[in-house]
Amino acid sequence: MAFYYTEPSRTFSEFLLVPNLTTKDCNPSNVSLKTPIVKFKKGEQPAFSLNIPFSSAVMQAVSDDRMAVALARSGGISFIFGSQSVESQAEMVRKAKSYKAGFVVSRSNLTPSHTLKDILELKERTGHSTVAITDDGTPKGKLVGIVTGRDYRLSRDPLHKQVSDFMTPFSKLIYGKAGLSLSEANNLIWDHKLNCLPVVDEQQKLEYLVFRKDYDEHKENPYELLDANKSYIVGAGINTKDYEERVPALVAAGADVLVIDSSDGFSEWQKETIQYVKSNFNVKIGAGNIVDREGFLYLVEAGADFIKVGIGGGSICITREQKGIGRGQASSLIEVAAARDEYFQETGIYIPICSDGGIVHDYHITLSLAMGADFVMMGRYFARFDESPTRKLKIGNNFVKEFWGEGSNRARNWQRYDTGGKQGLVFEEGVDSYVPYAGGLQENLDKTLHKIKSTMCNCGSTTISELQKNARITLVSATSIVEGGAHDVILKENSISGE
Ligand code: IMP
(Lines give C-alpha, C1' and ligand atoms only; values in the text may rest on other atoms or scores of the structure.)
Protein backbone atom coordinates (compact mmCIF):
# COMPACT_ATOMS: atom_id res chain seq x y z
CA MET A 1 0.00 0.00 0.00
CA ALA A 2 1.25 3.48 -0.81
CA PHE A 3 2.48 5.69 1.99
CA TYR A 4 0.12 8.52 2.94
CA TYR A 5 1.19 11.66 4.73
CA THR A 6 -1.29 12.47 7.46
CA GLU A 7 -0.81 16.25 7.18
CA PRO A 8 -1.57 18.27 4.03
CA SER A 9 1.52 19.85 2.55
CA ARG A 10 1.63 23.53 3.33
CA THR A 11 3.12 26.65 1.91
CA PHE A 12 4.42 29.95 3.30
CA SER A 13 1.20 31.95 3.08
CA GLU A 14 -0.42 29.56 5.57
CA PHE A 15 1.91 30.66 8.36
CA LEU A 16 2.68 33.76 10.40
CA LEU A 17 5.38 34.68 12.90
CA VAL A 18 4.30 35.49 16.45
CA PRO A 19 6.37 38.27 18.09
CA ASN A 20 8.73 37.61 21.00
CA LEU A 21 9.98 40.22 23.43
CA THR A 22 11.97 42.91 21.60
CA THR A 23 14.74 44.19 23.82
CA LYS A 24 16.00 47.76 23.41
CA ASP A 25 19.26 46.68 21.78
CA CYS A 26 17.39 44.57 19.25
CA ASN A 27 16.99 47.00 16.37
CA PRO A 28 17.50 46.59 12.61
CA SER A 29 20.91 48.25 12.62
CA ASN A 30 22.16 45.52 14.99
CA VAL A 31 20.86 42.63 12.92
CA SER A 32 23.40 40.50 11.05
CA LEU A 33 22.17 38.46 8.10
CA LYS A 34 25.45 36.61 7.66
CA THR A 35 24.77 32.96 6.93
CA PRO A 36 26.72 29.82 5.99
CA ILE A 37 26.42 28.45 2.47
CA VAL A 38 28.63 25.33 2.71
CA LYS A 39 28.94 22.63 5.33
CA PHE A 40 31.22 23.03 8.33
CA LYS A 41 32.16 21.21 11.51
CA LYS A 42 30.90 22.33 14.90
CA GLY A 43 33.21 25.00 16.30
CA GLU A 44 34.76 25.78 12.89
CA GLN A 45 33.97 28.51 10.38
CA PRO A 46 32.41 27.63 7.00
CA ALA A 47 34.66 28.18 3.97
CA PHE A 48 32.04 30.54 2.53
CA SER A 49 29.34 32.60 4.14
CA LEU A 50 26.91 34.98 2.51
CA ASN A 51 26.46 38.46 3.94
CA ILE A 52 22.79 38.37 3.02
CA PRO A 53 20.82 35.10 2.74
CA PHE A 54 19.98 35.50 -0.95
CA SER A 55 20.92 33.58 -4.07
CA SER A 56 19.62 34.11 -7.58
CA ALA A 57 18.14 31.18 -9.48
CA VAL A 58 20.04 29.06 -11.99
CA MET A 59 17.98 30.42 -14.86
CA GLN A 60 18.61 31.98 -18.28
CA ALA A 61 16.24 34.80 -17.40
CA VAL A 62 17.92 35.58 -14.08
CA SER A 63 21.59 34.78 -13.50
CA ASP A 64 24.26 35.91 -15.94
CA ASP A 65 27.58 37.63 -15.17
CA ARG A 66 25.93 41.02 -14.69
CA MET A 67 23.52 39.71 -12.05
CA ALA A 68 26.40 37.79 -10.44
CA VAL A 69 28.41 40.98 -9.97
CA ALA A 70 25.41 43.02 -8.80
CA LEU A 71 24.32 40.45 -6.24
CA ALA A 72 27.82 39.67 -4.93
CA ARG A 73 28.30 43.42 -4.56
CA SER A 74 25.27 43.41 -2.24
CA GLY A 75 26.40 40.35 -0.27
CA GLY A 76 24.57 37.45 -1.97
CA ILE A 77 25.48 34.93 -4.66
CA SER A 78 24.30 34.16 -8.18
CA PHE A 79 24.49 30.75 -9.75
CA ILE A 80 25.17 31.47 -13.42
CA PHE A 81 22.81 29.44 -15.58
CA GLY A 82 24.03 26.17 -17.07
CA SER A 83 21.57 25.83 -19.95
CA GLN A 84 24.11 27.24 -22.40
CA SER A 85 27.32 25.94 -23.92
CA VAL A 86 30.19 25.11 -21.57
CA GLU A 87 32.27 27.85 -23.23
CA SER A 88 29.73 30.62 -22.84
CA GLN A 89 28.94 29.71 -19.22
CA ALA A 90 32.67 29.61 -18.37
CA GLU A 91 33.11 32.97 -20.08
CA MET A 92 30.34 34.48 -17.92
CA VAL A 93 32.03 33.12 -14.80
CA ARG A 94 35.37 34.52 -15.97
CA LYS A 95 33.84 37.93 -16.63
CA ALA A 96 32.18 38.07 -13.21
CA LYS A 97 35.39 36.95 -11.48
CA SER A 98 37.37 39.63 -13.32
CA TYR A 99 35.57 42.33 -11.32
CA LYS A 100 37.73 42.79 -8.31
CA ALA A 101 35.85 45.19 -6.08
CA GLY A 102 36.94 48.23 -7.98
CA PHE A 103 39.79 46.50 -9.87
CA VAL A 104 38.67 45.30 -13.28
CA VAL A 105 40.53 43.06 -15.69
CA SER A 106 40.54 45.04 -18.92
CA ARG A 107 37.95 43.68 -21.33
CA SER A 108 38.61 45.88 -24.38
CA ASN A 109 42.15 45.44 -25.64
CA LEU A 110 43.96 45.95 -28.95
CA THR A 111 47.57 46.17 -30.18
CA PRO A 112 49.41 49.30 -31.42
CA SER A 113 49.16 48.06 -35.00
CA HIS A 114 45.38 48.01 -35.00
CA THR A 115 43.56 50.96 -36.56
CA LEU A 116 41.04 53.61 -35.58
CA LYS A 117 38.43 51.51 -37.41
CA ASP A 118 39.20 48.58 -35.07
CA ILE A 119 38.83 50.88 -32.05
CA LEU A 120 35.44 52.10 -33.23
CA GLU A 121 34.22 48.58 -33.95
CA LEU A 122 35.37 47.35 -30.54
CA LYS A 123 33.68 50.27 -28.81
CA GLU A 124 30.47 49.55 -30.69
CA ARG A 125 30.60 45.89 -29.67
CA THR A 126 31.49 46.27 -26.00
CA GLY A 127 30.22 49.73 -25.12
CA HIS A 128 33.55 50.40 -23.35
CA SER A 129 35.07 53.82 -23.93
CA THR A 130 38.56 52.95 -22.63
CA VAL A 131 40.70 50.55 -24.68
CA ALA A 132 43.96 49.20 -23.26
CA ILE A 133 46.72 48.86 -25.86
CA THR A 134 48.98 45.93 -25.03
CA ASP A 135 51.86 44.42 -27.04
CA ASP A 136 49.85 41.27 -27.77
CA GLY A 137 46.30 42.62 -27.49
CA THR A 138 45.54 40.51 -24.39
CA PRO A 139 44.20 41.86 -21.07
CA LYS A 140 47.43 40.90 -19.29
CA GLY A 141 49.95 41.85 -21.99
CA LYS A 142 52.59 44.59 -21.68
CA LEU A 143 50.78 47.93 -21.50
CA VAL A 144 51.98 50.27 -24.26
CA GLY A 145 49.19 52.84 -24.21
CA ILE A 146 45.53 53.68 -23.66
CA VAL A 147 42.93 54.98 -26.09
CA THR A 148 39.88 56.94 -24.98
CA GLY A 149 37.52 59.17 -26.96
CA ARG A 150 39.88 62.08 -26.24
CA ASP A 151 42.69 60.57 -28.35
CA TYR A 152 41.09 60.88 -31.80
CA ARG A 153 38.83 63.16 -33.79
CA LEU A 154 36.51 61.42 -36.16
CA SER A 155 36.16 64.48 -38.39
CA ARG A 156 39.93 64.65 -38.90
CA ASP A 157 41.51 61.23 -38.37
CA PRO A 158 41.27 58.64 -41.16
CA LEU A 159 39.87 55.24 -40.20
CA HIS A 160 43.08 53.46 -41.22
CA LYS A 161 45.20 55.54 -38.82
CA GLN A 162 47.29 53.21 -36.66
CA VAL A 163 46.59 53.06 -32.95
CA SER A 164 50.31 53.69 -32.21
CA ASP A 165 49.97 57.11 -33.89
CA PHE A 166 47.19 58.45 -31.67
CA MET A 167 47.11 56.44 -28.41
CA THR A 168 48.33 58.03 -25.19
CA PRO A 169 51.64 56.16 -24.84
CA PHE A 170 52.69 54.49 -21.62
CA SER A 171 55.40 57.14 -21.03
CA LYS A 172 52.65 59.77 -20.68
CA LEU A 173 50.25 57.69 -18.58
CA ILE A 174 49.64 58.00 -14.86
CA TYR A 175 49.57 54.41 -13.60
CA GLY A 176 49.46 52.48 -10.35
CA LYS A 177 51.91 49.77 -9.32
CA ALA A 178 50.65 46.24 -8.64
CA GLY A 179 49.58 45.76 -5.02
CA LEU A 180 48.31 49.29 -4.42
CA SER A 181 45.11 49.52 -2.43
CA LEU A 182 41.82 50.75 -3.78
CA SER A 183 42.04 53.94 -1.75
CA GLU A 184 45.59 54.61 -3.06
CA ALA A 185 44.25 54.08 -6.58
CA ASN A 186 41.44 56.46 -5.81
CA ASN A 187 43.88 59.14 -4.60
CA LEU A 188 45.76 58.94 -7.93
CA ILE A 189 42.45 59.15 -9.82
CA TRP A 190 41.46 62.30 -7.92
CA ASP A 191 44.88 63.98 -7.86
CA HIS A 192 45.29 63.59 -11.63
CA LYS A 193 41.63 64.02 -12.59
CA LEU A 194 41.53 60.61 -14.30
CA ASN A 195 38.54 58.51 -15.29
CA CYS A 196 40.59 55.35 -15.36
CA LEU A 197 43.86 54.26 -13.76
CA PRO A 198 45.81 51.31 -15.23
CA VAL A 199 47.68 49.12 -12.73
CA VAL A 200 50.83 47.36 -13.98
CA ASP A 201 53.44 44.99 -12.52
CA GLU A 202 57.25 45.42 -12.61
CA GLN A 203 57.40 44.19 -16.22
CA GLN A 204 54.82 46.79 -17.23
CA LYS A 205 52.28 44.02 -17.73
CA LEU A 206 48.71 45.21 -17.32
CA GLU A 207 46.97 43.85 -14.23
CA TYR A 208 43.81 45.89 -13.78
CA LEU A 209 41.99 49.06 -14.62
CA VAL A 210 40.40 51.08 -11.82
CA PHE A 211 37.52 53.30 -12.87
CA ARG A 212 36.42 56.34 -10.92
CA LYS A 213 32.75 55.30 -11.04
CA ASP A 214 33.50 51.79 -9.69
CA TYR A 215 35.25 53.22 -6.67
CA ASP A 216 32.15 55.19 -5.74
CA GLU A 217 30.00 52.07 -6.05
CA HIS A 218 32.46 50.00 -4.03
CA LYS A 219 32.36 52.47 -1.16
CA GLU A 220 28.60 52.09 -0.97
CA ASN A 221 28.67 48.32 -0.62
CA PRO A 222 29.94 47.28 2.79
CA TYR A 223 28.39 43.79 2.42
CA GLU A 224 30.10 42.82 -0.82
CA LEU A 225 31.08 39.19 -1.04
CA LEU A 226 34.74 38.79 -1.92
CA ASP A 227 37.28 35.99 -2.16
CA ALA A 228 40.85 36.28 -0.83
CA ASN A 229 41.89 38.09 -4.06
CA LYS A 230 39.11 40.64 -3.67
CA SER A 231 37.19 39.18 -6.62
CA TYR A 232 33.48 38.60 -6.22
CA ILE A 233 32.32 35.14 -5.15
CA VAL A 234 30.53 33.52 -8.09
CA GLY A 235 28.44 30.36 -8.32
CA ALA A 236 27.50 28.27 -11.36
CA GLY A 237 24.87 25.66 -12.16
CA ILE A 238 25.80 22.23 -13.52
CA ASN A 239 23.80 19.16 -14.56
CA THR A 240 24.20 15.42 -14.19
CA LYS A 241 24.88 14.82 -17.91
CA ASP A 242 27.90 16.80 -19.11
CA TYR A 243 29.67 17.44 -15.79
CA GLU A 244 32.94 15.85 -16.91
CA GLU A 245 33.23 18.57 -19.53
CA ARG A 246 31.48 21.45 -17.75
CA VAL A 247 32.97 21.27 -14.26
CA PRO A 248 36.66 21.52 -15.31
CA ALA A 249 35.85 24.56 -17.47
CA LEU A 250 33.89 26.29 -14.69
CA VAL A 251 36.58 25.60 -12.10
CA ALA A 252 39.27 26.90 -14.48
CA ALA A 253 37.17 30.04 -14.99
CA GLY A 254 37.17 30.59 -11.23
CA ALA A 255 33.71 29.43 -10.07
CA ASP A 256 33.70 29.28 -6.26
CA VAL A 257 30.59 27.20 -5.67
CA LEU A 258 28.70 24.84 -7.97
CA VAL A 259 25.15 23.61 -7.68
CA ILE A 260 23.50 20.71 -9.46
CA ASP A 261 20.41 22.19 -11.02
CA SER A 262 17.62 19.65 -11.17
CA SER A 263 13.89 19.59 -10.60
CA ASP A 264 14.26 16.28 -8.73
CA GLY A 265 17.62 15.69 -7.07
CA PHE A 266 16.88 12.43 -5.23
CA SER A 267 18.75 10.36 -7.82
CA GLU A 268 21.80 8.19 -8.39
CA TRP A 269 22.92 10.66 -11.09
CA GLN A 270 23.32 13.35 -8.48
CA LYS A 271 25.34 11.02 -6.27
CA GLU A 272 27.68 10.21 -9.17
CA THR A 273 28.03 13.89 -10.07
CA ILE A 274 28.88 14.90 -6.50
CA GLN A 275 31.40 12.09 -6.20
CA TYR A 276 33.06 13.04 -9.50
CA VAL A 277 33.38 16.66 -8.38
CA LYS A 278 34.62 15.78 -4.89
CA SER A 279 37.27 13.37 -6.11
CA ASN A 280 38.63 15.64 -8.84
CA PHE A 281 38.29 19.24 -7.64
CA ASN A 282 38.59 21.36 -4.57
CA VAL A 283 35.33 23.20 -5.20
CA LYS A 284 32.14 23.36 -3.15
CA ILE A 285 29.03 21.74 -4.56
CA GLY A 286 25.38 21.97 -3.59
CA ALA A 287 22.77 19.43 -4.65
CA GLY A 288 19.00 19.09 -4.93
CA ASN A 289 16.21 19.73 -5.20
CA ILE A 290 14.67 17.46 -2.60
CA VAL A 291 11.62 17.84 -0.37
CA ASP A 292 12.07 15.37 2.46
CA ARG A 293 14.36 13.78 5.00
CA GLU A 294 15.29 10.78 2.81
CA GLY A 295 16.34 12.96 -0.11
CA PHE A 296 18.33 15.20 2.21
CA LEU A 297 20.26 12.35 3.85
CA TYR A 298 20.96 10.67 0.52
CA LEU A 299 22.64 13.76 -0.94
CA VAL A 300 24.46 14.58 2.29
CA GLU A 301 25.91 11.06 2.41
CA ALA A 302 26.96 11.51 -1.22
CA GLY A 303 29.06 14.49 -0.08
CA ALA A 304 27.01 17.60 -0.94
CA ASP A 305 28.11 20.85 0.71
CA PHE A 306 24.59 22.30 0.86
CA ILE A 307 21.14 21.10 -0.04
CA LYS A 308 18.49 22.85 -2.05
CA VAL A 309 14.84 22.28 -1.08
CA GLY A 310 11.76 22.68 -3.26
CA ILE A 311 9.79 20.95 -5.99
CA GLY A 312 6.94 22.56 -7.83
CA GLY A 313 6.65 25.87 -5.98
CA GLY A 314 8.45 28.13 -8.48
CA SER A 315 6.45 31.00 -9.95
CA ILE A 316 6.90 29.74 -13.54
CA CYS A 317 6.67 26.09 -12.57
CA ILE A 318 3.97 23.73 -13.86
CA THR A 319 5.62 20.51 -12.65
CA ARG A 320 2.79 19.82 -10.21
CA GLU A 321 0.18 20.24 -12.94
CA GLN A 322 2.13 18.25 -15.51
CA LYS A 323 3.36 15.38 -13.37
CA GLY A 324 1.59 15.60 -10.04
CA ILE A 325 5.00 15.74 -8.33
CA GLY A 326 5.90 18.13 -5.54
CA ARG A 327 5.23 19.24 -2.02
CA GLY A 328 4.23 22.51 -0.33
CA GLN A 329 7.37 24.53 0.22
CA ALA A 330 6.85 25.12 3.95
CA SER A 331 6.23 21.45 4.73
CA SER A 332 9.32 20.43 2.74
CA LEU A 333 11.48 22.96 4.50
CA ILE A 334 10.24 22.11 8.01
CA GLU A 335 10.97 18.40 7.50
CA VAL A 336 14.39 18.94 5.90
CA ALA A 337 15.45 21.47 8.55
CA ALA A 338 14.56 18.96 11.27
CA ALA A 339 16.64 16.29 9.50
CA ARG A 340 19.53 18.76 9.18
CA ASP A 341 19.40 19.60 12.92
CA GLU A 342 19.30 15.92 13.84
CA TYR A 343 22.26 15.24 11.53
CA PHE A 344 24.17 18.07 13.20
CA GLN A 345 23.43 16.63 16.67
CA GLU A 346 24.66 13.20 15.59
CA THR A 347 27.73 14.11 13.53
CA GLY A 348 28.70 17.68 14.48
CA ILE A 349 28.48 18.60 10.78
CA TYR A 350 26.18 21.47 9.83
CA ILE A 351 24.67 21.30 6.34
CA PRO A 352 23.21 24.61 5.15
CA ILE A 353 19.88 24.39 3.37
CA CYS A 354 18.52 26.66 0.68
CA SER A 355 14.81 27.20 0.19
CA ASP A 356 14.31 27.38 -3.58
CA GLY A 357 11.20 28.75 -5.28
CA GLY A 358 7.82 30.10 -4.29
CA ILE A 359 8.90 33.27 -2.48
CA VAL A 360 6.12 35.72 -3.31
CA HIS A 361 6.16 38.25 -0.46
CA ASP A 362 9.22 39.54 1.36
CA TYR A 363 7.94 38.01 4.59
CA HIS A 364 8.16 34.59 2.97
CA ILE A 365 11.94 35.02 3.12
CA THR A 366 11.84 35.69 6.86
CA LEU A 367 9.49 32.76 7.37
CA SER A 368 11.74 30.41 5.44
CA LEU A 369 14.74 31.48 7.53
CA ALA A 370 12.70 30.99 10.70
CA MET A 371 11.70 27.53 9.47
CA GLY A 372 15.37 26.59 9.19
CA ALA A 373 16.60 27.70 5.78
CA ASP A 374 20.07 29.27 5.80
CA PHE A 375 19.44 31.10 2.56
CA VAL A 376 16.83 31.35 -0.16
CA MET A 377 17.01 31.07 -3.93
CA MET A 378 14.75 33.31 -5.99
CA GLY A 379 13.95 33.61 -9.67
CA ARG A 380 10.93 35.89 -10.04
CA TYR A 381 12.22 38.31 -7.41
CA PHE A 382 15.46 39.03 -9.29
CA ALA A 383 13.98 38.77 -12.79
CA ARG A 384 12.17 42.09 -12.18
CA PHE A 385 15.33 44.15 -11.95
CA ASP A 386 17.46 46.07 -14.45
CA GLU A 387 20.31 43.65 -13.80
CA SER A 388 18.50 40.53 -15.05
CA PRO A 389 19.49 39.50 -18.57
CA THR A 390 16.07 39.78 -20.22
CA ARG A 391 14.33 42.48 -22.24
CA LYS A 392 12.32 45.24 -20.60
CA LEU A 393 9.08 45.82 -22.53
CA LYS A 394 6.11 48.12 -22.26
CA ILE A 395 2.71 46.45 -22.15
CA GLY A 396 -0.12 48.98 -22.02
CA ASN A 397 1.05 51.53 -19.47
CA ASN A 398 3.27 49.15 -17.59
CA PHE A 399 6.86 48.08 -17.95
CA VAL A 400 7.58 44.38 -17.62
CA LYS A 401 10.59 42.09 -17.91
CA GLU A 402 10.54 38.76 -19.67
CA PHE A 403 10.81 35.71 -17.43
CA TRP A 404 10.70 32.09 -18.53
CA GLY A 405 11.17 28.75 -16.80
CA GLU A 406 14.08 26.45 -17.47
CA GLY A 407 11.56 23.76 -18.36
CA SER A 408 9.74 25.94 -20.89
CA ASN A 409 10.09 25.48 -24.62
CA ARG A 410 12.02 28.72 -24.67
CA ALA A 411 14.85 27.46 -22.41
CA ARG A 412 14.57 23.77 -23.27
CA ASN A 413 16.81 22.82 -20.36
CA TRP A 414 16.04 19.09 -20.66
CA GLN A 415 19.03 18.14 -18.49
CA ARG A 416 17.24 19.70 -15.52
CA TYR A 417 14.25 17.39 -15.98
CA ASP A 418 15.99 14.31 -17.26
CA THR A 419 14.95 11.02 -15.75
CA GLY A 420 17.20 8.91 -17.89
CA GLY A 421 14.88 8.29 -20.81
CA LYS A 422 14.67 10.08 -24.12
CA GLN A 423 17.03 13.05 -24.35
CA GLY A 424 15.38 16.41 -24.99
CA LEU A 425 12.39 18.22 -23.55
CA VAL A 426 9.37 16.03 -24.36
CA PHE A 427 6.84 18.17 -22.48
CA GLU A 428 7.08 21.52 -20.74
CA GLU A 429 7.42 21.95 -16.99
CA GLY A 430 7.63 25.74 -17.05
CA VAL A 431 5.97 28.72 -18.70
CA ASP A 432 7.14 31.78 -20.61
CA SER A 433 5.91 34.92 -18.86
CA TYR A 434 6.41 38.54 -17.84
CA VAL A 435 7.04 40.01 -14.41
CA PRO A 436 6.41 43.64 -13.46
CA TYR A 437 9.56 45.70 -13.91
CA ALA A 438 10.76 46.95 -10.51
CA GLY A 439 13.89 49.07 -11.14
CA GLY A 440 17.40 48.48 -9.83
CA LEU A 441 18.46 45.57 -7.65
CA GLN A 442 20.08 47.58 -4.87
CA GLU A 443 17.14 49.83 -4.06
CA ASN A 444 14.71 46.90 -3.97
CA LEU A 445 17.07 44.76 -1.96
CA ASP A 446 17.57 47.50 0.62
CA LYS A 447 13.83 47.62 1.23
CA THR A 448 13.48 43.83 1.48
CA LEU A 449 16.45 43.58 3.83
CA HIS A 450 15.05 46.27 6.04
CA LYS A 451 11.74 44.41 6.27
CA ILE A 452 13.50 41.17 7.17
CA LYS A 453 15.59 42.86 9.85
CA SER A 454 12.55 44.61 11.34
CA THR A 455 10.64 41.34 11.48
CA MET A 456 13.60 39.62 13.11
CA CYS A 457 13.53 42.34 15.79
CA ASN A 458 9.84 41.66 16.34
CA CYS A 459 10.88 38.07 16.92
CA GLY A 460 13.62 39.15 19.35
CA SER A 461 16.48 37.94 17.13
CA THR A 462 19.55 39.70 15.78
CA THR A 463 20.98 36.73 13.85
CA ILE A 464 19.51 34.09 11.58
CA SER A 465 20.50 31.28 13.94
CA GLU A 466 18.75 33.04 16.82
CA LEU A 467 15.66 33.41 14.64
CA GLN A 468 15.77 29.69 13.83
CA LYS A 469 15.90 28.87 17.55
CA ASN A 470 13.50 31.50 18.89
CA ALA A 471 10.86 31.86 16.21
CA ARG A 472 7.28 31.02 17.09
CA ILE A 473 5.27 30.17 14.01
CA THR A 474 1.54 29.72 13.76
CA LEU A 475 -0.70 28.23 11.11
CA VAL A 476 -3.41 30.62 9.98
CA SER A 477 -6.98 29.85 9.03
CA ALA A 478 -8.40 30.91 5.67
CA THR A 479 -10.44 33.58 7.46
CA SER A 480 -7.47 35.08 9.25
CA ILE A 481 -5.63 35.29 5.91
CA VAL A 482 -8.40 37.60 4.71
CA GLU A 483 -8.01 39.63 7.91
CA GLY A 484 -4.28 40.04 7.11
CA GLY A 485 -4.84 42.31 4.10
CA ALA A 486 -6.61 45.68 4.07
CA HIS A 487 -10.29 44.88 4.51
CA ASP A 488 -13.65 46.55 4.98
CA VAL A 489 -12.35 49.88 3.66
CA ILE A 490 -12.56 51.52 0.23
CA LEU A 491 -9.03 51.85 -1.08
CA LYS A 492 -8.14 55.30 -2.40
CA GLU A 493 -6.81 54.02 -5.75
CA ASN A 494 -10.39 52.93 -6.55
CA SER A 495 -11.78 56.27 -5.35
CA ILE A 496 -15.12 57.57 -6.46
CA SER A 497 -15.12 59.24 -9.88
CA GLY A 498 -15.90 62.97 -9.99
CA GLU A 499 -13.82 63.74 -6.91
P1 IMP B 1 10.63 31.59 -8.14
O2 IMP B 1 11.58 32.29 -7.22
O3 IMP B 1 9.31 31.31 -7.49
O4 IMP B 1 10.52 32.27 -9.46
O5 IMP B 1 11.27 30.13 -8.40
C6 IMP B 1 12.50 29.95 -9.01
C7 IMP B 1 12.82 28.47 -9.01
O8 IMP B 1 11.91 27.75 -9.85
C9 IMP B 1 14.18 28.13 -9.59
O10 IMP B 1 15.24 28.34 -8.70
C11 IMP B 1 13.98 26.66 -9.93
O12 IMP B 1 14.17 25.81 -8.82
C13 IMP B 1 12.54 26.58 -10.35
N14 IMP B 1 12.37 26.58 -11.81
C15 IMP B 1 13.04 27.26 -12.76
N16 IMP B 1 12.54 27.02 -13.99
C17 IMP B 1 11.53 26.15 -13.81
C18 IMP B 1 10.62 25.51 -14.71
O19 IMP B 1 10.59 25.73 -15.91
N20 IMP B 1 9.75 24.63 -14.14
C21 IMP B 1 9.75 24.36 -12.80
N22 IMP B 1 10.54 24.96 -11.93
C23 IMP B 1 11.44 25.85 -12.43
Side-chain angles (χ1 to χ4, degrees), residues 11-13 53-63 67 71 76-84 235-239 259-266 270 286-291 295 306-330 332-333 336 353-365 367-368 373 375-385 388-390 401-419 425-436 438 441 444-445 448:
T11 192
F12 295 130
S13 293
F54 287 33
S55 66
S56 69
V58 197
M59 297 176 72
Q60 293 177 357
V62 181
S63 299
M67 179 63 79
L71 186 49
I77 191 170
S78 282
F79 289 93
I80 292 178
F81 69 94
S83 49
Q84 58 178 324
I238 61 168
N239 63 70
V259 68
I260 310 176
D261 181 38
S262 168
S263 68
D264 170 12
F266 193 3
Q270 290 236 346
N289 288 6
I290 51 83
V291 289
F306 68 91
I307 301 292
K308 214 141 66 66
V309 180
I311 297 180
S315 55
I316 31 49
C317 178
I318 51 169
T319 296
R320 294 185 194 166
E321 277 170 29
Q322 291 280 53
K323 298 205 291 193
I325 293 274
R327 192 175 187 196
Q329 187 64 11
S332 310
L333 197 52
V336 174
I353 54 181
C354 168
S355 177
D356 177 18
I359 300 279
V360 180
H361 303 293
D362 288 345
Y363 83 85
H364 289 170
I365 303 172
L367 256 178
S368 62
F375 60 107
V376 297
M377 176 172 272
M378 296 182 288
R380 189 198 60 87
Y381 178 88
F382 289 109
R384 301 171 302 148
F385 304 148
S388 76
T390 69
K401 294 260 310 185
E402 296 176 298
F403 181 46
W404 59 93
E406 286 295 299
S408 66
N409 274 335
R410 185 157 180 188
R412 303 201 72 78
N413 182 0
W414 64 270
Q415 292 93 334
R416 185 172 199 276
Y417 299 92
D418 182 54
T419 40
L425 196 71
V426 181
F427 57 92
E428 288 186 287
E429 292 196 36
V431 297
D432 193 353
S433 67
Y434 302 116
V435 285
L441 178 141
N444 283 281
L445 207 55
T448 302

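In listed order, ligands and their atoms are each counted from 1. Keep in mind that the numbers below use all heavy atoms, side chains included, and drop hydrogens, waters and symmetry copies.
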Minimum-distance protein heavy atom relative to atom 7 (C) of ligand 1
Asp356 OD1, 3.4 Å
Which atoms of ligand 1 have any heavy atom of Ile316 under 4.0 Å away?
8 (O), 14 (N), 15 (C), 16 (N), 17 (C), 23 (C)
Judged by modelled atom types alone, do Ser13 and His364 share a side-chain donor-acceptor pair under 3.5 Å?
yes
Who gets closest to atom 11 (C) of ligand 1 by heavy atom: Glu406, Arg416, Met59, Met377?
Arg416
Shortest protein heavy-atom distance from atom 4 (O) of ligand 1, along with the residue and atom involved
Ser315 OG, 2.7 Å
Is Val291 close to Val336 at the side-chain level, that is, under 4.5 Å between some pair of heavy atoms?
no
Out of all atoms in ligand 1, which are within 4.0 Å of some heavy atom of Glu429? Include the element for each.
18 (C), 19 (O), 20 (N), 21 (C)
State the CG-OG distance between Asn289 and Ser263, to the nearest 0.5 angstrom.
8.0 Å
To check your reading of the model: name the closest protein heavy atom to atom 2 (O) of ligand 1, its residue, and the distance in Å.
Gly379 N, 2.8 Å
In terms of its nearest heavy atom to atom 5 (O) of ligand 1, the top option of Gly407, Gly357, Ala411, Ser83 is Gly357
Ignoring hydrogens and angles, state whether a donor on the side chain of Ser368 or Ser355 is under 3.5 Å from an acceptor on the partner side chain.
no
Going by the atom numbers of ligand 1, which of them fall below 4.0 Å from some non-hydrogen atom of Met378?
2 (O)
With a 4.5 Å limit on heavy-atom distance, are the side chains of Tyr363 and Ile365 in contact?
no
Atoms in ligand 1 flagged as close to Ala57, the criterion being non-hydrogen separation under 4.0 Å:
9 (C), 10 (O)
Starting from atom 8 (O) of ligand 1, what is the nearest protein heavy atom, named by residue and atom, and what distance separates them?
Gly314 CA, 3.7 Å
So among Glu429, Gln84, Gln60, Glu406, which one has a side-chain hydrogen bond (donor to acceptor under 3.5 Å, both in side chains) with Asn413?
Glu406
So, Glu402 and Arg410, do they make that salt bridge, N to O below 4.0 Å?
yes
Using a 6.0 Å cut-off, check whether atom OH of Tyr434 has over 12 heavy atoms from anything other than its own residue.
no
Given the rule in the side chain to side chain donor-acceptor pair (under 3.5 Å) test, do Thr448 and Tyr381 qualify, once you have shown the distances and angles that lead to the verdict?
CA-CA 11 Å; Thr448 302; Tyr381 178 88; 2.7 Å; yes
Atoms of ligand 1 close to Phe403 [distance to a heavy atom under 4.0 angstrom, numbered from 1]:
4 (O)
Can Tyr417 be said to touch ligand 1, with heavy atoms closer than 4.0 Å?
yes
The atoms of ligand 1 lying under 4.0 Å from a heavy atom of Arg380, numbered in the order shown, are 1 (P), 2 (O), 4 (O)
If you measure from atom 21 (C) of ligand 1 to every heavy atom of Gly358, Cys317, Cys354, which option wins on shortest distance?
Cys317
